[in-house]
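For reference, the structure is listed below as structure tokens.
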2 protein chains.
Amino acid sequence: MIRTVMVVEDDDAIRMVLRTNLEDEGYRVLEATTAEQGLVIVQDEQPDVVLVDLRLPGIHGLDLVRSLRATSQVPIIIVTAQTDSHDVVAGLEAGADDYVTKPFVAKELMARIRTQLRRSAPPEEGEEELVCGPIELHPDTAEVMRGGEQVPVSRIEFFVLAELIGAKGRVLSRDHLLRKVWGYGNAGDGRVVDNLIYRLRNKIEDDPANPELLLTVRGFGYRMKA
Amino acid sequence: MIRTVMVVEDDDAIRMVLRTNLEDEGYRVLEATTAEQGLVIVQDEQPDVVLVDLRLPGIHGLDLVRSLRATSQVPIIIVTAQTDSHDVVAGLEAGADDYVTKPFVAKELMARIRTQLRRSAPPEEGEEELVCGPIELHPDTAEVMRGGEQVPVSRIEFFVLAELIGAKGRVLSRDHLLRKVWGYGNAGDGRVVDNLIYRLRNKIEDDPANPELLLTVRGFGYRMKA
DNA sequence: GCCGCATGTCGCAAGACTGTCGCAGGTAGG
DNA sequence: CCTACCTGCGACAGTCTTGCGACATGCGGC
């Protein structure tokens, strides 16, 4: 079954990234740049989840949340730049089901969307196994195991590894990783990825200088051993 | 068997939080914002439990309780902002089976609902065992045992521990705990959880500085030892 | 072999994250 | 009224994370 996600966000760059990520996950994506537009489209199209930015031109995102809640039970996730907990709490009180603050980790946002969807649509097929050679990822505990022993990795390292292993040996470009993991406009240039790969190798490879698991594909990007 | 819970509450934010928590517990949720609506839906749908707010627009919650009691034996739990014991006593006399005052601890409300359900549907499968290493939770008595000895913990500490142990080793984010335990509006942001964890550790860990049961997962949240 | 570019390597510093603790208002019980 | 406790809050310090830049290295084409 194809699910529809509605994005209400005025910043073109962020909306773009969200759309790309959502489409990659197989969702149909609807977009709106204002609260008014969003309200109409939601009622028209009955999406399965709505992402709402708080800072919108004109009507504030909060009011949009309240309006939506008044007429619909669609799961609402607030995506806001306000780290100010004020807006966030107000958002939840207004009836949102979850919130994510920018800069967000795109993979995490996707996971949260899945969670909201699960509520409205029962049990999907089990989580994908995240295993590659001696490396094993446990999303439940956010732990990475290597041959049975735990390897401490940071939040972002975890998500990058998850993305790579999930790709099952396919090459992923730096851009792809930037968009999927870092998520958005993170103008941060390419080397960030290189760095992270370097650090990951130091943690999961026997000989980080001669990687056997996390391979470089010159000119394209990185991939896990098949 | 899927149980149905009816929520009669006019405040959108609170109703939302209740719905989220109830659905997470696996209940089907019906909502009404007025007594009239509630009465109709209850007779229509025969829910297994009804939550009633006392302050409702129009007909008062108390009258709704009386009306319900006149025609049904469905367990009724009053959820009220009135700490004023007046209304509460009146509510119980009107035929309610239990009451919870706001701000309530979400997990506690869920527990009370289970209790009411147990009455109407006798032998379910036993309660989930809330045990983790030397720690043992007794929901009936709200006691925490550690290696056979009782550890005094506060109300909220108890529910946080219950949530964590119930998660069986999975990581729970601060957000998750805030919503599941504190339940709502608790404008209080982040550090509240950290503090509570700190206090819990002082009570249940041998060496609180090097926790072995209640673990931190940096960047994600907390979890119990598997 | 030489050059240019892609990638590896590493240290740094800002800032994020968490642990720790004292304080104060609130509540319950006496 | 007093006391004890619960609970949220803020401050501070220590640790870890992470983007960045600089330089080294290696690959591929000529």
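Worth knowing before you read on, the calculation uses all heavy atoms, side chains too, and leaves out hydrogens, waters and symmetry mates. The structure presented is a predicted model; accordingly, all values stated were derived computationally and were not measured. In what follows, chains are A, B, ... by sequence order, proteins preceding strands, each numbered from 1.
- Formation of a donor-acceptor pair under 3.5 Å by the B:Glu157 side chain with backbone atoms of B:Ser154 is found in this model.
- Across the protein-nucleic acid pair, B:Ile156 atom CD1 and D:dC5 atom P stand 18 Å apart, rounded to whole Å.
- A:Leu196 comes within contact range of no nucleotide atom at all, as no heavy-atom separation falls under 4.0 Å.
- At distances below 3.5 Å, at least one donor-acceptor pair connects side-chain atoms of A:Lys203 with backbone N or O atoms of A:Pro152.
- The separation between B:Phe220 atom CZ and C:dT18 atom C1' is 15 Å, rounded to whole Å.
- Remark: B:Ser154 is in phosphate contact with D:dT7, judged by side-chain N or O atoms under 4.0 Å from OP1 or OP2.
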**Base versus backbone protein contacts along nucleotides 19-24 of chain C [heavy-atom cut-off under 4.0 Å; B, S, -]** = BBBB--
Using atom names, set out every protein N or O paired with an N or O of nucleotides 24-27 of chain D below 3.5 Å, distance rounded to 0.1 Å.
unit_1 : atom_1 : unit_2   : atom_2 : d
D:dG26 : N2     : A:Arg218 : NH2    : 3.1
D:dC27 : O2     : A:Arg218 : NH2    : 3.4

**Request:** Report the C-alpha separation of B:Asp10 and B:Arg55 in whole Å, then their side-chain angles, then the decisive distance to 0.1 Å, and conclude whether the salt bridge (charged side-chain N to carboxylate O under 4.0 Å, His left out) test is met.
**Result:** CA-CA 8 Å; B:Asp10 64 313; B:Arg55 286 197 72 222; over 6 Å; no
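- In terms of modelled atom types and a separation under 3.5 Å, the side chain of A:Arg15 and the main chain of A:Glu9 share a donor-acceptor contact.
- Counting non-hydrogen atoms of other residues, nucleotides and ligands closer than 6.0 Å to CD of B:Gln150 gives a total above 12.
- With B:Asp63 contributing its side chain and B:Ile59 its backbone, the two residues share no donor-acceptor pair below 3.5 Å.
- The aromatic rings of A:Phe158 and B:Phe220 lie perpendicular to each other, with more than 60° between the two planes, well past the 30° mark.
- Rounding to whole angstrom units, CZ of residue B:Arg155 and C1' of D:dG8 are separated by 16 Å.
- A:Leu178 places its CG atom 14 Å from the P atom of D:dT18, with the value rounded to the nearest Å.
- One interatomic measurement links the two molecules: CZ of A:Phe158 to P of D:dT17, which rounds to 14 Å at whole-angstrom precision.
- Counting all heavy atoms, side chain and backbone alike, B:Pro75 lies closest to B:Gln116 at CB-OE1, 3.7 Å.
- For B:Trp182, a side-chain nitrogen or oxygen approaches OP1 or OP2 of D:dG8 to under 4.0 Å.
- With B:Glu205 contributing its side chain and B:Glu212 its backbone, the two residues share a donor-acceptor pair below 3.5 Å.
- Between the CZ atom of A:Phe159 and the C1' atom of D:dT17 there is a distance of 15 Å, rounded to whole Å.
- Across the protein-nucleic acid pair, A:Leu215 atom CG and C:dG8 atom C1' stand 15 Å apart, rounded to whole Å.
- Distance CZ (B:Arg223) to P (C:dT18): 15 Å, rounded to an integer number of Å.
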